[in-house]
Amino acid sequence: MNRLNFKRLILGSFVLKLISAILGIAIYAYLAIVISVSEFGLFALAMSFSLLVTGFTKQGIENLLIRFITQLDEKNRNGFYTACIIWVGLCCCILITFITAFSDSLGSLLGYPSIVLFLPWIAILVVFNSLQAVNAAMLNAIKKPRLSLLFTGIVSQTIFLMGLFLESPENALQAFTMQSYAQVLSFLASMVITLKYSRFTLANVRTLPVRELIDVNRRFFMVAVLAILTQQLPPIFIAKYASLQEVAYLAIAMKAALLFGYPLLSVNKVCAPHYSRLYYDKNIIGLKQLARTTRKKLTIIATIGLLIVVFLSEPLLSLLNPEYIKAIPFIIILTLGQWVNLATGSAVLILLMTGHERLHFWQNLIVTLFFFVSLIVFVPYYGALSAAILMALSMASKNLLGFYSVYRVVYKNKL
């Protein structure tokens with residue numbers, strides 16, 4: 001792929017991610033207007049819990065697909081994809097059974113027994129979100145990143161937003177139900193598209209390096225779980241020890257700050273298979289050049305985004321709902337964490353795509369343990385503000401450690 005086409009691919013992916021971000025913000029803005037702050041907090045709590053469970057059901061399969069598909073022929077690719085769909089489906093069944101069996105206990109644990117009413121819809125969202133993630137990863141692995149991006153938010157959010165315009169929800173449960181229906185329709189669309197480029201078969205599964213795949217996926221799974229814990233535990237802790245209002249403020253801040261992480265996600269969507277292939281071909285110089293070029297541009301974008309947040313957060317939130325002005329400190333804190341995320345580029349992804357997931361796992365584990373203990377200590381006393389600070393510090397620490405490790409281990413590795 002020549003440089004011009006590569007730039008166009010990244011730009012196209014960024015535009016799609018930007019559209020996804022705008023849709024997500026539009027949904028949250030609309031819900032913040034039509035339902036109360038407490039109900040919006042309850043909706044955010046249910047979303048955080050569903051995403052937390054999804055982190056376990058996906059098993060880190062996305063990165064495994066992207067890393068190994070580039071090394072397989074077409075027949076083995078289809079068998080690998082089929083095995084991943086079956087495995088994630090089984091994981092969904094196990095976890096949903098567990099949630100159903102302990103539904104009352106989960107309601108008490110989260111501090112809001114009414115969350116039990118959400119559990120059937122959480123189960124639907126988890127199952128179809130997990131299976132769609134496999135389809136999106138497959139499309140990305142076969143170098144269809146734009147199609148993949150359609151099914152990492154755009155399709156489901158478009159359907160959800162259309163539903164909101166047709167009928168405004170009166171409470172959090174109605175809004176969450178609509179979100180679940182949108183996810184089902186999005187999954188069906190992703191399946192149709194994915195099966196245009198692959199098919200279900202188990203004919204060649206026995207020829208796959210199963211032992212290696214299991215070993216690598218175990219580390220990918222742990223890395224994915226640690227990441228999702230950092231992102232989704234804070235709202236759950238805040239709901240337990242503070243209030244749903246503070247959950248709502250943090251949810252708005254997380255959605256706004258996430259907007260500035262999309263440029264990196266776009267770059268990673270396009271570059272992930274190339275990082276794997278370059279390292280597999282022992283082209284460290286090419287890998288380094290690609291990472292350096294994207295990192296410089298991401299740093300510029302991150303700096304512009306930070307300035308926008310600082311100067312425009314208050315007037316924009318005032319238009320939404322004056323009560324959400326209280327979320328401004330959280331937005332600025334989380335955006336600073338995102339700045340570090342972008343400034344370090346694709347460091348974490350490079351570790352995962354080059355076989356150094358074990359190193360990243362241990363780094364991730366240490367930071368996450370510190371994060372978890374700090375949440376327990378500080379959130380009961382300082383609420384959402386402490387959670388936002390800890391999230392930003394955790395994000396920055398993981399990326400800086402990854403950045404250092406790439407330079408020490410990947411670029412200076414003698415192949």
Side-chain angles (χ1 to χ4, degrees), residues 1 5-6 9 12-13 16 57-92 127-152 155 186-221 223-224 265-283 286-287 290 346 349-357:
M1 181 182 297
N5 287 336
F6 195 72
L9 194 57
S13 297
L16 289 174
T57 55
K58 290 192 298 185
Q59 296 283 304
I61 288 294
E62 307 108 296
N63 285 324
L64 188 74
L65 267 168
I66 294 170
R67 176 173 163 184
F68 281 95
I69 283 292
T70 57
Q71 304 172 28
L72 300 175
D73 58 29
E74 184 176 353
K75 291 182 179 180
N76 283 327
R77 288 179 184 179
N78 291 331
F80 188 25
Y81 164 68
T82 305
C84 289
I85 283 285
I86 293 173
W87 177 247
V88 170
L90 289 173
C91 291
C92 287
V127 170
F128 291 100
N129 194 8
S130 300
L131 294 174
Q132 179 178 274
V134 178
N135 288 337
M138 181 62 180
L139 290 170
N140 193 27
I142 60 175
K143 299 184 180 180
K144 302 290 181 182
R146 293 178 184 176
L147 286 175
S148 175
L149 283 168
L150 289 176
F151 299 107
T152 54
V155 175
S186 179
F187 162 74
L188 294 175
S190 75
M191 184 60 72
V192 171
I193 298 297
T194 306
L195 291 179
K196 288 181 63 177
Y197 300 98
S198 59
R199 60 186 179 87
F200 290 131
T201 178
L202 293 173
N204 299 283
V205 171
R206 293 184 179 180
T207 63
L208 295 172
V210 177
R211 188 182 297 271
E212 180 184 3
L213 291 173
I214 293 175
D215 184 53
V216 173
N217 187 63
R218 184 176 66 250
R219 296 192 290 271
F220 276 150
F221 168 61
V223 168
L265 294 175
S266 303
V267 169
N268 285 348
K269 273 287 182 183
V270 176
C271 293
H274 296 280
Y275 289 139
S276 177
R277 172 56 64 181
L278 288 169
Y279 191 77
Y280 184 71
D281 292 340
K282 302 183 180 181
N283 185 2
L287 192 157
L290 176 59
S346 302
L349 181 70
I350 291 173
L351 289 178
L352 297 179
M353 292 297 108
T354 57
H356 297 92
E357 63 279 346

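Source: prediction; values computed, not measured.
- F221 pairs by the side chain to side chain contact (heavy atoms under 4.5 Å, CB included) definition with F56, Q59, V225, not counting sequence neighbours.
- Looking at residues two or more places apart in sequence or on another chain, you find a salt bridge (Lys or Arg N to Asp or Glu O under 4.0 Å) between R277 and D281.
- Here the shortest heavy-atom pairing between T194 and M138 reads CG2-CG, 4.1 Å.
- Side-chain contact check for M353 versus Y279: every heavy-atom pair is 4.5 Å or farther apart.
- Side-chain atoms of N140 and L65, non-hydrogen and from C-beta on, never get closer than 4.5 Å to each other.
- Across every non-hydrogen atom of L131 and G89, the tightest pair is CD2-N, 4.1 Å.
- In this view, F200 and Y81 satisfy the ring pair (Phe, Tyr, Trp, His ring centres under 6.0 Å) rule, not counting sequence neighbours.
- Contact check for V134 versus E62: no side-chain heavy atoms found under the 4.5 Å cut-off.
- Within the 4.5 Å cutoff, the side chain of Y280 has no heavy atoms near those of the T354 side chain.
- Atom-to-atom distance recorded for S130:OG and N135:CG is 11.5 Å, nearest 0.5 angstrom.
- Rounding to the nearest 0.5 angstrom, the gap separating the CD1 atom in I61 from the CD1 atom in I85 is 9.5 Å.
- Heavy atoms only, all atoms of each residue included: I142 and R77 are closest at CG2-NH1, 4.4 Å.
- Summarising the geometry, atom SG belonging to C92 is positioned 9.0 Å from atom CG belonging to N129; distances are rounded to the nearest 0.5 Å.
- Residues passing the side chain to side chain contact (heavy atoms under 4.5 Å, CB included) test with L202, sequence neighbours excluded: T82, I86, V205.
- L150 meets the side chain to side chain contact (heavy atoms under 4.5 Å, CB included) test with L16, L147, I154, V155; sequence neighbours excluded.
- Q132 pairs by the side chain to side chain contact (heavy atoms under 4.5 Å, CB included) definition with F151, Q183, S186, F187, S190, not counting sequence neighbours.
- Contact of the L139 side chain with the L149 side chain is not registered, since no non-hydrogen atoms from C-beta on lie closer than 4.5 Å.
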